[in-house]
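Worksheet: one structure, shown below.
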There are 2 protein chains.
Amino acid sequence: MSSLRQLEYLVTVADTGSFTRAAERLHVTQPALSHQIRALERSSGGPLLERLPRSVRLTPMGRAMLPHARAALAEAERAKCAALHAAGLLHAELRLSTVYSVSLGVLPPTLRAWRDKHPNVHIRLFEHRHADELRAAMLEGQADLAVGPQPDGWRGPVRELGVEEFVVVLPPGDPAAKPGARTVRLETLADREWVHFAQGHGLADVLDQACARAGFVARAAVRTEQTATAPVLAAAGLGPTLVPSNVLPPGFGGVVLRARPAVRRMLTAYTRDEPDVLTSAFLDTLADTVTP
Amino acid sequence: MSSLRQLEYLVTVADTGSFTRAAERLHVTQPALSHQIRALERSSGGPLLERLPRSVRLTPMGRAMLPHARAALAEAERAKCAALHAAGLLHAELRLSTVYSVSLGVLPPTLRAWRDKHPNVHIRLFEHRHADELRAAMLEGQADLAVGPQPDGWRGPVRELGVEEFVVVLPPGDPAAKPGARTVRLETLADREWVHFAQGHGLADVLDQACARAGFVARAAVRTEQTATAPVLAAAGLGPTLVPSNVLPPGFGGVVLRARPAVRRMLTAYTRDEPDVLTSAFLDTLADTVTP
DNA sequence: GCTCGACATGAGCAGAGTTTATGCGAACCG
DNA sequence: CGGTTCGCATAAACTCTGCTCATGTCGAGC
């Protein structure tokens, strides 16, 4: 009997038209996918996919199989949903804890996707100024799930979501932004006054450490408490600032340059204990919406 | 994500109303089933089955989940069938090799069940007089699947189907058959002339070895080539005989007693290489129809 | 009260599935 | 036309799931 996972792999390869892309989407490596598809083909009695040099197509056999595979997956999903519905009405709240920059940048698309899938699950959001605060609150069991920078020495499941890249924001026409350049060296901004963050704000540490690595101390023209304010102030000419690229709204007016050397932060989701159904469902949504 | 197997386990427990019986039907041990159901319950967020002292019932959650689980299983099955159909394997041929006693006793119900499920697969049956002949023919690749006694030192997959119990057949009113007795000691028949089997017939060896273990040599009143003939001759008074219990037709006229000590034979199905889809489908049918 | 039936639990083990590393062939590019 | 890149297959090692075997627990029935 073929497993659900194998059917899921087949569907994903069919949808993406490529082993490699399917493997990415499924969060497994490409050989693992190759193996499973191969096993499925053995147990089905013949090839399901036609390996072309540039892409992958379904064989007639695969095409015949595909709709039933989709249906089986959908039914399994419905089985779980039905179970959740039958029992989940009691405890349908998910407590989510995070830091300012994440709740502004990464979370909104995820929350929208989640709301579409599970409109009856209420989400309660806790926001913290600093990753350490987040960590401490999670230790006390404030929330079911934390989304934020990698916590040091965390006893419990941690899932890596992806790396955030930080960008320098400058006002239009700033001399440090060479025409056409995509990056900027932090050292060239060593003598500027920066749009900084308030004491205890997580991004204040990020900025300070990045500047320290570049060999200088960032002086503050102004310190803001709100993450979203910094790039607006920077674009208005108060000085450069450094923020995760995903907090910038689409069509943002300022000049945006990747820092060189790169300033990155691993974004993770972590829980105190093994995640329950709701939490792990949210984790999947999170992983799906963050990377692609 | 819950696996297909877990859903199958759930459905079977719901159908049988018991962990133990479900485990038998699924050909796994009861702890394995307990574990999987427990895992499914964990990943579903709550109990699916209510464990009563005498039986097992579904919780509302389990009841909600059940129809979808069935549907998922059915779709997965259809996926495989669709693939087979597309590959043209549904109009295929399955070559089956066996020994006389098996083709008479065990196989007919299996073949009927198979015919109902896959009416388009033609079965070609090869019958052998002795297990060694069967083994040799299989080595040469005569058939896709062999059904017969356990082959010695077989290089390839062997699946145990169950043990055949041999019975002594006597004419009605034979003095060796005590009224109400269900068994008979072979020694008490040591001085009889037996309804024996032809030289080279597999059951001839079985009879000789059983008698040897009981401390005597079975003299032959007559030797028959056909398995079905022996019990008829025995019932007609030519002498006792020893045959697998499953070769006796329902409503057989003679006296049937289990041999003591028991004469048993492990019945197996074996293939040269890993079985293909068709073969393993037949194997499943076989395993299902032989044991219960 | 004792035994028996039925499910739970725990330890140990085999095999499935995954990852990392590497190979191979076809297409693309200079 | 060789070199490079992209995409899938293959090999080997490791991890972890899921199995069996042995044992525990609890209620029912004699």
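A note on names: the letters A, B, ... follow the listed sequences, proteins ahead of strands, and every chain is numbered from 1. On a predicted model such as this, the values are computed, not experimentally measured, just so you know.
No more than 12 heavy atoms of other residues, nucleotides or ligands shown are found within 6.0 angstrom of CZ on Arg38(B).
Residue pairs meeting the salt bridge (Lys or Arg N to Asp or Glu O under 4.0 Å) criterion with at least one partner in residues 259-272 of chain A, sequence neighbours excluded, are Glu164(A)-Arg265(A), Glu165(A)-Arg264(A). For the salt bridge (Lys or Arg N to Asp or Glu O under 4.0 Å) condition, the pairs that include at least one residue of residues 59-77 of chain B, sequence neighbours left out, are Asp15(B)-Arg70(B), Glu75(B)-Arg78(B).
Here dT17(D) presents its P atom at 16 Å from CG of Leu40(B), a figure rounded to the nearest Å. Rounded to a whole Å, the CG atom of Leu52(B) is 10 Å from the P atom of dA28(D). Per the geometry, CD1 belonging to Ile37(B) stands 13 Å off P belonging to dG18(D), to the nearest Å.
The stretch residues 11-26 of chain B touches DNA chain C through Ser18(B), Phe19(B), Thr20(B), each having a heavy atom under 4.0 angstrom from the strand.
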Every protein N/O within reach of nucleotides 14-16 of chain D N/O, cut-off under 3.5 Å:
none

Treating primed atoms plus P, OP1 and OP2 as sugar-phosphate and everything else as base, which nucleotides of nucleotides 17-24 of chain C get B, S or - for protein heavy atoms under 4.0 Å? SBBBB---

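Not counting sequence neighbours, the partners of Ser3(B) by the side chain to side chain contact (heavy atoms under 4.5 Å, CB included) test are Arg5(B), Gln6(B). With sequence neighbours excluded, the residues that form a side-chain hydrogen bond (donor to acceptor under 3.5 Å, both in side chains) with Ser34(A) are Gln30(A). The salt bridge (Lys or Arg N to Asp or Glu O under 4.0 Å) check on Arg159(B) picks up Asp284(B), with sequence neighbours excluded. Glu24(B) is linked by a salt bridge (Lys or Arg N to Asp or Glu O under 4.0 Å) to nothing, counting only residues two or more places apart in sequence or in another chain. In this structure Arg57(A) satisfies the side chain to side chain contact (heavy atoms under 4.5 Å, CB included) test together with Glu50(A), Leu52(A), sequence neighbours excluded. Every side chain to side chain contact (heavy atoms under 4.5 Å, CB included) that Ile123(A) has, sequence neighbours left out, goes to Leu94(A), Leu96(A), Leu111(A), Trp114(A), Phe282(A). In this structure Ala259(B) satisfies the side chain to side chain contact (heavy atoms under 4.5 Å, CB included) test together with Val168(B), Leu186(B), Leu242(B), Val263(B), sequence neighbours excluded.
Within the structure, every side-chain polar atom (N or O) of Arg38(B) is placed at least 4.0 Å from both OP1 and OP2 of dA8(C). Remark: Arg51(B) is not in phosphate contact with dA6(C), judged by side-chain N or O atoms under 4.0 Å from OP1 or OP2. Checking the phosphate oxygens (OP1, OP2) of dA8(C), a side-chain nitrogen or oxygen of Ser34(B) falls inside 4.0 Å.
Neither side chain, Thr268(A) nor Glu160(A), offers a donor N or O lying under 3.5 Å from an acceptor on the other.
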